[in-house]
Colleague: 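Okay, here's the structure, questions in a sec.
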Amino acid sequence: MNTKSLSEAARDIKPYRPAPPIREIVKGQDMCVLKLNSNENLFLSRKQVQEVLLEAAYETDPRIYPQDEEQQLRQQIAKLNKIESDQVMITTGGDQLIELLFSLLSPGDSVTAVSPTFSMYPRAAKQRGVKLVEAMLDPDFSLNPEKTLELAKGSALLVICNPNNPTGNQFPRESVIKLIEGFDGLVLLDEAYQEYSEYSLAELVSEYDNLVILRTFSKAYGLAGLRLGYCIACEALVSTLREKYMMPYPVSNLILRAGIKMIEQAPTVLEAVMEAKQERAWLTSELNKVPGVEAFSSDACFVLFKTEKPITGVYEALLSQGIIVSRQTVFGTEYLRVTVAPRKLGERFIEALREATR
Ligand SMILES: Cc1ncc(COP(=O)(O)O)c(C=O)c1O
């Protein structure tokens, strides 16, 4: 490997370019930027979460490697999800699990992803040089398990994002179980938005040894900036991944402790989730009242919508008013995705969108 071969191998990998940083958008103007592009939890106050972090900092000795914080966090996660702690592995955000599972594939393998979906799966496939088969949802975003299994035949990994990003819908439980039962290889079930949805399949990891579930503290648990996630799978798989394929200290003792403290705040998190669900209903209905806008129902903390006006103009007009949303391509057409936010912020967004689509 040298610099030239590395950059040649990376030719097809699109750089991940998040929206411009808030400071760049403000450009010295007197403007409060509304960041609604990454599905973060704006229902928990910054102060609440900062206090958790401060407490964690006071209890942490940064001079030494993590001790038993990881075990404590795994136990709490297990209790929360009604599973065993040896069915839990801690990761640096959910993204690390995606990277890890794809890194276990060999060139020549293929991966099937129920699509359109989260952009990190195609990216990970490109990084690994494996083929990605896109098992397309029906035009109304529904999942056809039989068709998906047919397309996934021969793949080493099947990825299902549930609720799906960016469409927002959660697939019927029986359909997902059909996929897990009918697929020969590993199934990565991405439940990053589970807390906002109707169900989780976490308890099924004892039953299905090919099921690997991704979860994160970045969404409902309000810790996106700290990069903390976890994997739920059967004991054998967790012990292999954790003891053989992970580096020993993927997450710092400070962040592990913050995770422990955040789980202690689970009732507050749940309250914030309940509020977000109410605001999701309000936002979807308000979006559909805006002329030329069609919004889709969601089981996550964001809503996907399309506009009659070209998306670029709408996106730019929102940005000029200090509102960042996310551009998404679904079945070859551009859509926008907006994070559900507390009412005042939601109202500001709807007002700006009315202006932008006029
Ligand atoms: C579907 C899905 N999975 C995984 C992730 C990764 O989350 P994180 O790495 O912040 O835990 C995201 C982030 O937006 C996501 O939308």
Side-chain angles (χ1 to χ4, degrees), residues 16-19 35-42 44 49 73 77 81 88-103 111 113-125 127 132 134 137 141 143 157-171 176 187-197 200-202 212-233 246 250-252 255-256 258-259 262-263 269 273 276 280 298-304 324-330 335-341:
Y16 175 65
R17 300 225 193 279
K35 185 177 180 314
L36 301 178
N37 62 326
S38 304
N39 314 328
E40 292 128 341
N41 187 350
L42 301 177
L44 292 171
V49 185
L73 182 57
I77 289 171
N81 290 284
V88 178
M89 174 176 80
I90 308 295
T91 58
T92 309
D95 281 347
Q96 191 186 24
L97 179 63
I98 299 172
E99 195 172 43
L100 174 67
L101 289 190
F102 277 75
S103 78
V111 175
V114 172
S115 303
T117 191
F118 185 41
S119 60
M120 288 305 137
Y121 318 136
R123 181 184 167 84
Q127 286 171 341
L132 183 84
E134 292 182 308
L137 295 172
F141 305 155
L143 171 72
L157 179 67
L158 171 62
V159 187
I160 313 160
C161 186
N162 196 40
N164 188 38
N165 180 6
T167 56
N169 54 321
Q170 186 171 45
F171 307 121
V176 180
V187 174
L188 169 58
L189 183 65
D190 186 335
E191 289 191 342
Y193 300 98
Q194 185 279 323
E195 289 84 353
Y196 299 96
S197 74
S200 163
L201 292 188
V212 184
I213 298 181
L214 176 155
R215 299 288 289 274
T216 182
F217 280 78
S218 297
K219 309 300 176 186
Y221 279 80
L223 300 182
L226 300 192
R227 313 303 303 125
L228 182 62
Y230 59 99
C231 154
I232 300 176
M246 293 280 280
V251 177
S252 71
I255 305 308
L256 290 167
M262 214 56 218
I263 290 195
V269 171
V273 166
R280 179 176 71 195
S298 169
D299 300 299
C301 59
F302 55 81
V303 176
L304 184 75
I324 320 172
V325 293
S326 172
R327 295 175 74 149
Q328 297 286 329
T329 303
V330 177
Y335 288 62
L336 293 174
R337 193 195 64 201
V338 60
T339 307
V340 178

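Just so it is clear, the structure is predicted and the values come from calculations on it, not from any experiment. In each ligand, atom 1 is the first atom listed, and ligand 1 is the first ligand listed.
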Colleague: Under 4.0 Å from a heavy atom of Thr216: give me the atoms of ligand 1 that qualify, with their elements.
Modeller: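 Checking each atom against Thr216, I get 8 (P), 11 (O).
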
Colleague: Does Tyr193 reach ligand 1 with a nitrogen or oxygen that is under 3.5 Å from one of the ligand's nitrogen or oxygen atoms?
Modeller: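 So ligand 1 has an N or O lying under 3.5 Å from an N or O of Tyr193.
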
Colleague: Does any N or O of ligand 1 fall below 3.5 Å from an N or O anywhere on Leu228, backbone included?
Modeller: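 No: no nitrogen or oxygen of Leu228 is under 3.5 Å from one in ligand 1.
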
Colleague: Got the closest protein heavy atom to atom 13 (C) of ligand 1, with its distance?
Modeller: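 Ranked first by proximity to atom 13 (C) of ligand 1 is Lys219 NZ, 3.3 Å.
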
Colleague: Taking side chain as C-beta onward, heavy atoms only, is Thr91 less than 4.5 Å from Met246?
Modeller: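 Yes, close enough: below the 4.5 Å cut-off.
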
Colleague: Run the numbers on Tyr230 and Asn81 for side-chain contact (heavy atoms from CB on, under 4.5 Å), then give the verdict.
Modeller: CA-CA 12 Å; Tyr230 59 99; Asn81 290 284; 3.3 Å; yes

Colleague: Is Arg227 touching ligand 1 with its side chain, its backbone, both, or neither, if touching means heavy atoms under 4.0 Å apart?
Modeller: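 Just the side chain.
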
Colleague: Under 4.0 angstrom from ligand 1, any heavy atom of Cys161?
Modeller: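 Distance cut 4.0 Å: Cys161 passes for ligand 1.
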
Colleague: Could you tell me whether some N/O pair between Asn39 and ligand 1 is separated by less than 3.5 angstrom?
Modeller: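 No, Asn39 has no N/O under 3.5 Å of an N/O on ligand 1.
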
Colleague: In plain terms, say whether Lys219 and Glu191 are close enough for a salt bridge, that is, a side-chain N and a carboxylate O under 4.0 Å apart.
Modeller: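 Salt bridge: no.
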
Colleague: Going through the distances and angles, do Asp190 and Leu97 end up as a side-chain contact (heavy atoms from CB on, under 4.5 Å)?
Modeller: CA-CA 10 Å; Asp190 186 335; Leu97 179 63; over 6 Å; no

Colleague: I'd like to check which ligand 1 atoms, numbered from 1 as shown, lie under 4.0 Å from a non-hydrogen atom of Gly94.
Modeller: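 Result: 8 (P), 9 (O), 11 (O).
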
Colleague: Any chance you could measure Phe217, atom CZ, to Ile255, atom CD1, to the nearest 0.5 Å?
Modeller: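 Reported to 0.5 Å precision, the distance equals 11.0 Å.
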
Colleague: Can you tell me the protein heavy atom closest to atom 6 (C) of ligand 1 and the distance?
Modeller: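 Minimum-distance protein heavy atom for atom 6 (C) of ligand 1 reads Asp95 OD1, 3.2 Å.
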
Colleague: Would you mind listing which atoms of ligand 1 come within a distance below 4.0 Å of any non-hydrogen atom of Gly93?
Modeller: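 The list of qualifying atoms is 9 (O), 11 (O).
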
Colleague: Which residue and atom name correspond to the protein heavy atom nearest atom 15 (C) of ligand 1, and how close is it?
Modeller: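 Protein heavy atom with the smallest distance to atom 15 (C) of ligand 1: Phe118 CZ, 3.5 Å.
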
Colleague: If you measure from each non-hydrogen atom of Asp190 to ligand 1, which part falls under 4.0 Å: side chain, backbone, both or neither?
Modeller: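 Near ligand 1, Asp190 shows its side chain, while the N, CA, C and O stay back.
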
Colleague: Run the ring pair (Phe, Tyr, Trp, His ring centres under 6.0 Å) test against Tyr121 and tell me which residues pass, sequence neighbours left out.
Modeller: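 Per chain and number, Tyr121 pairs via ring pair (Phe, Tyr, Trp, His ring centres under 6.0 Å) with Phe118.
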
Colleague: Are Gln194 and Ser200 close enough, and set up right, to give a side-chain hydrogen bond (donor to acceptor under 3.5 Å, both in side chains), and what steps lead you there?
Modeller: CA-CA 6 Å; Gln194 185 279 323; Ser200 163; 4.7 Å; no

Colleague: Who pairs with Ser218 by side chain to side chain contact (heavy atoms under 4.5 Å, CB included), at least two apart in sequence or on another chain?
Modeller: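 Side chain to side chain contact (heavy atoms under 4.5 Å, CB included) check on Ser218 returns Thr216, Ala224, Arg227.
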
